[in-house]
Every structure is written in structure tokens, then in C-alpha cells.
Amino acid sequence: MIAAPAGGDASAAAKRARRRPFRQRLANALTGYAFTGPAIILMFLLVVIPVGYTIYLSLFDTSLTKPVPLFFGLKGFQKLFKTPIALMVIRNSLLWTVLVAFFQFALGLATALVLNRTFRFRWLARSLIIIPWVIPGVVAGMVWRLFYDAQFGFLNSALTRLGFGNLHIDWLGLPGLAMASVVVAAIWKGFGFSMLMYLAALQGVPKSLYESAEIDGAGTLQRFLYITLPSIASVIRTTLLLTSIWTFNYFEIIYVMTGGGPIRSTHIAPTYIYELAFTNFNFGNASRFAVLSFLLVSVLSIQYIRIIFKREKL
Amino acid sequence: MITRRHVRARESLALKLLWGSALIAILCFILFPITQMLSTAFKGQTEQFSFPVSFLPKQWTFINFEQALQYKAFLRYFLNSLAMSSVTTVAAVIISLLGAYGFTRLQFPGRKFFLAMIIFSQMFCLAAIIIPIYRILAALHLIDSYLGLLVAYLTFSVPIGVWLLRSFLMSVPVELEEAALVEGATKFEAFRKVVVPLLKPGIGATGAYVFFLTWQEFLFSLVIMTGKEHRTLPVGIMDFVGQYETNWGNLMASSILVVLPVLVIFVFIQRQLIAGLVEGAVKE
């Protein structure tokens, strides 16, 4: 609604552009394509065609026992929805995305609130907190694998020292517990990004709002609920969208920590697609799963693109 | 009056304690796993596997770093990673700089559609498009080649480059370019002589971010580089992970060596990079 007058401007500009001579418009278009052509062609070759090819592959029944892929249309998807493992992987993927994205939001916001206050060595605290985000995913995964180790992990030995008994919990060895463990590691790895976004947003909230609220006698919690949260709500929404997309697609931390085990309990879409394609060489099933994850991620990506286009009034 | 001020002071002390303990809790969560990484890297072979586990090495040693560096393949992986990341960075920055300029400053049919396509492709699950990319590269005989990996790396580095550079470009005033155009410069001249110099910090930050992403990329390298000598560091350090027993000391020492370059880059570019990310992702 608010964008309406700006939209009017844009269409007026477009009308003016249309009145320009054809030759100039052609020249403009050619310059535009000259600049953006390489990127467009590359993305066409590397993303659009591969996605099309994946959809095509998903219509075939392939496996090592069948020498010639058999076309069977959407039947593969019907079959897919009847396999318990596939359903479990979908459930895991959704659970993983929701938990990791939510806690990255909660912890990211809490940390941003802490770092938005002035205290000595704030720069040091901020630099330390951002380290996990800078560490490569493979390294983070290996560090957490060691940290969770039943014998040598610091987690067990810290719990033992705190008096919980002589613990040798295999954090990554039990279904259920393993999922919780990888979720915690992924939160650790990624919440720095959310923190940076929220910190920037908090610094943009006008101080005068807080001052007048204080004069009106609003407490800390009230100021947070009625000033801070509404002011940064749109940043929270876009950050949540981005982190959900990235989390859904995140491959290496689970691949390195559990490889999808134990008993496939920590498999999510990317790791399962990898296993189907490059361990079992079942490209048909892998492609069906890939198509499914395209669709799931697209729901979020379309939201994100709509927000970007709206705010730039494109 | 006095009592009221008194209450406020006490309240703020309680609040200070609350904020302080929150900070300490967050720092513990962040630093505890990192402590294990550092401590394991500086422990000798016997101390690594001794009980009870000690949080700090009793005897500090550089033996793990020496062993990692003496492991011949490690140097090779390091050079592979360095070359791949540098070449990808240069290629991706050139392509996405041109693209970002076109998408922010020029008018042409299909602009919105193609921009949406590029932003969209940044969000695709790489594991889901790796099958077709693998097959295309195989058809072109580019599996296990640096060129093949470079092409694969452009799938994620170009969209991110366009996305970031666009946000930097939007904060560069249009007037200077227009002045150059009025003086008779062509679009490309205005771009090269006016926009690129003004955009240098943004180009630096984008290049560093692409380097940072490529340096840690794992999946493409794992699938495409089938020959051991062609691997990059993130896949290469898995050599220290054994089927039955992992040499944690060597693994953690080499992990630190993998992290250091990107950590150094990050320290230098963080202000620019964070500004660009915030602007690109969420700024209203």
C-alpha cells in the first residue's frame, strides 16, 4: 500500500522511457545485456539447466541393477512418499531447520542485546563471539565431534567434574540425542550472522524513542516489547528467512559429524541426496529428493525475493 | 526522592549482574569447544589419549603442527586451496561486478526477471544441483580438473557477488556517473573510471567474502576432485580421520592452519563486509 505512490513514479518513468526513440532503447538494452550477460549466461548454464535436468531425471527409475533408466513419470514420487526413510528424512529436515533457525534467532538477538550495551572490552567479546561463524564448516564439525567424544570430549569431562557422575555419554551415538547434538553445533556455528544483523538493527533504533519511554515510566521489559521488537521486526523476518534457507541447505556439519547416522537418524535432505547419488548411485531417487527440496526452499526464497523487490521498489 | 534513586540504583545493579552473567554464559558456549581445539593441538601424543582429560596441556608442544606441515599432501592441499580460491575470487568478482552494475544502473527488458533468477540461485541447495553439474562436467571431461571445480564454484560465488556488490553500489551516488556521461563518456568508461574507483572498498569486501566461502567449500571439492593430489584443504584434512582411530592432535593442528588465513582476512575486512552483508540482507 505504502509503495503505491513510488510505483506510480516508476510507471511514469517507464512511460517516458517508452517515448524515447527506438534506437536509443535498443542501445540501452544492448548495454544492459553486455554488462549482465556473463552473469546471466553463467547462471543459466549452472543453475537453470541443472534444475531442469534434475526435474527430468526425477521422472526416471534408475538404480545399479537397471542398465537402462525406465521412464515412469510421477510414480517415483508416489513411491517416495511411501518409504519410511524418505519420510523420516523430510521430518528431520524440517525439525532441523526450525530448531536451528529459531535458536540462532533467539541466541543471536540475546547476544546482540548484550553487545549493544557499553562495557569495557566490548570489542573483544564481539570478536570472540563471531569466531565460530568464521571457522570453516568442516573444521567446526570436527571440533564438535571431538568435543562430544565419549572418552576424550571436554563435554563429558566437564559434566563429570561438575559432579554428574563419571560420564561417558556418546553424544553422537544415540538416535534422538545425536540430532539434538548436531543441532546445538549448528546453532553455535551460525548464530554469529544473526547476531551481526540484529546488532546493526539495534544500533539503528533512535535513542529518542527510549528516552521518551523512560519519561513515561516504561520498564526494561516494556521498552523491549514496545520499542525494540517493533523497530527491528522486519530485520528479524528477513534474517529468519535467510538463516532458514541456509540451514535447510547446510551439508557439511552433519556429513562430518555423523554422516547421517546413527541408523540414519540425523540425515537431512542434502546429506541424504548425497548418499543416494554418490554412495548408492541411485540418481533417480536422489533427483526426486532434490526436486522436493527445491520446492521446500522455494517457498522461503520467493518470500525473500518479494521483500527485496518491495523495499527497492523494483 | 532518596528512596526512589536508591531503588533505581539497586535495580540497575541487579540488571548489570543479569547482563554480565548472560555475556559469560554466551562466551562459555562459544569458547569451550574452541578450548578443546586449541588444547588438543598443543598436546603431545600420550597426553592426548590420557585420563582424566585435562583442559589445558600439561606440556605444551608444537609437534602436531610440525607433523601436519611435514605431511607432504598437506602442503599440496594448501596450494590447491590457495590457487582455487584466488582464481575463483578474481573470476567471480569481475563477472559479478559487471552484473551488479547492469542490474542497479541500467534499464533493459527482463532486468527484474534475471535479477530474481540470480538471487534465487544463491538459495538453491548445492547438494540438489550437484548431480546435474557432475554429469555436465563429466560429459565435458572436466571431472578431477581445476577448471571443472572453478566452474562449479561460480555457481555460488557469482550470485553472492552480485548480491553484495549491488548493495555496495546502491550507496554510491549516481550524480558522479551522470556528470561523466554528460561530459561525453560512454557507459563503460563511466563504469571503469568513476564507479570502480569509488567502489573499491566494496569490491575488496566482496572479494574477501568470496575467497572466504571458496576456501571452506567442501561438497563440490569432495565430489569433483576425485584424485587425491587435486583435493582442497577442507576435504584434505579428513586424511587425519582414520577408519578406527583419528589423530586428533594432527587434525586440530591442521584445522588451526586452515582457519588462520580466513581469520586474518576477516579481521581486516570485517567492517566493510558486515556493512555489505547487513545492507544486502536486511537494510530497509
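Values reported hereafter were calculated over all heavy atoms of this structure, with side chains retained and with hydrogens, waters and symmetry mates removed. All values reported here derive from a predicted model rather than from experimental measurement. Letters go in sequence order (proteins before strands), and every chain restarts at 1.
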Atom pair [atom1] ([X]) and [atom2] ([Y]), whose distance is rounded to the nearest 0.5 Å:
X        : Y        : atom1 : atom2 : answer
A/Asn28  : B/Lys187 : CG    : NZ    : 5.0 Å
B/Ile26  : A/Thr111 : CD1   : OG1   : 3.5 Å
B/Ile119 : A/Ile308 : CD1   : CD1   : 4.5 Å
A/Leu45  : B/Thr155 : CG    : OG1   : 12.0 Å

Identify which part of [X] has an atom lying under 4.5 Å from any heavy atom of chain B, answering side chain, backbone, both or neither.
X        : value
A/Ile273 : side chain
A/Leu146 : both
A/Leu300 : neither
A/Val291 : neither
A/Ala286 : both
A/Ile130 : side chain
A/Ser287 : both

Measure across [X] and [Y] and return the closest heavy-atom pair with its distance rounded to 0.1 Å.
X        : Y        : value
B/Ser255 : A/Val139 : CB-CG1, 3.6 Å
B/Val158 : A/Leu42  : CG2-CD1, 4.1 Å
B/Pro132 : A/Pro50  : CG-O, 3.3 Å
A/Ala29  : B/Phe108 : CA-CB, 3.7 Å
A/Leu46  : B/Ile133 : O-CD1, 3.7 Å
B/Pro33  : A/Trp188 : CG-NE1, 4.0 Å

So do the side chains of [X] and [Y] get within less than 4.5 Å of each other, counting heavy atoms only?
X        : Y        : result
A/Ile305 : B/Met117 : no
A/Pro270 : B/Cys125 : yes
A/Arg145 : B/Thr246 : yes
B/Ile131 : A/Leu57  : yes
B/Ile34  : A/Val143 : no
B/Phe55  : A/Arg161 : yes
A/Thr36  : B/Tyr101 : no
B/Phe266 : A/Trp133 : yes

Open item on the list: Donor-acceptor pair, distance only, cut-off 3.5 Å: does the side chain of B/Gln36 make one with the backbone of A/Phe152?
Closed with: yes
Task: Side-chain donor or acceptor of A/Asn249 paired with backbone N/O of B/Met123 under 3.5 Å - done: yes
What part of [X] gets closer than 4.5 Å to chain A, counting heavy atoms only: side chain, backbone, both or neither?
X        : answer
B/Val223 : side chain
B/Ile237 : side chain
B/Phe124 : both
B/Glu217 : neither
B/Ile256 : neither
B/Ser39  : side chain
B/Ser96  : neither
B/Phe113 : neither

Open item on the list: Looking only at the aromatic ring of each residue, does the gap between the centers of A/Phe278 and B/Tyr134 stay below 6.0 angstrom?
Closed with: yes
Task: Ring centroid separation B/Phe218 to A/Tyr255 under 6.0 Å - done: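 So the answer is yes for these two rings.
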Parallel, tilted or perpendicular, judged at 30° and 60°: which one describes the rings of [X] and [Y]?
X        : Y        : value
B/Phe191 : A/Phe35  : perpendicular
A/Phe154 : B/Phe32  : tilted
B/Phe29  : A/Phe191 : tilted

Task: B/Arg135 NZ/CZ over A/Phe283 ring centroid, <6.0 Å and within 45° of normal - done: yes
Open item on the list: Is there a side-chain contact (heavy atoms from CB on, under 4.5 Å) between B/Leu23 and A/Phe119? Walk through the geometry before answering.
Closed with: CA-CA 11 Å; B/Leu23 180 66; A/Phe119 55 88; 3.8 Å; yes
Open item on the list: Shorter than 4.5 Å, heavy atoms on both sides: which option in A/Val114, A/Val47, A/Leu196 has the most such pairs with chain B?
Closed with: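 Maximum pair count with chain B is reached by A/Val114.
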TODO: Start with the C-alpha gap between A/Met43 and B/Leu154, add the side-chain angles, then the distance that decides, and say whether side-chain contact (heavy atoms from CB on, under 4.5 Å) holds.
DONE: CA-CA 9 Å; A/Met43 285 307 107; B/Leu154 292 177; 5.6 Å; no
Open item on the list: Before you tell me yes or no, could you show the steps for B/Met37 and A/Met142 under side-chain contact (heavy atoms from CB on, under 4.5 Å), namely the whole-Å CA-CA distance, both residues' side-chain angles and the distance that decides it to 0.1 Å?
Closed with: CA-CA 9 Å; B/Met37 179 188 191; A/Met142 292 312 306; over 6 Å; no
- [ ] May I ask you to check whether over 12 heavy atoms, not counting those of A/Arg122, lie within 6.0 Å of atom CZ?
- [x] yes
Open item on the list: Would A/Val51 and B/Ile129 count as a side-chain contact (heavy atoms from CB on, under 4.5 Å) here? Give the steps.
Closed with: CA-CA 6 Å; A/Val51 169; B/Ile129 49 173; 3.8 Å; yes
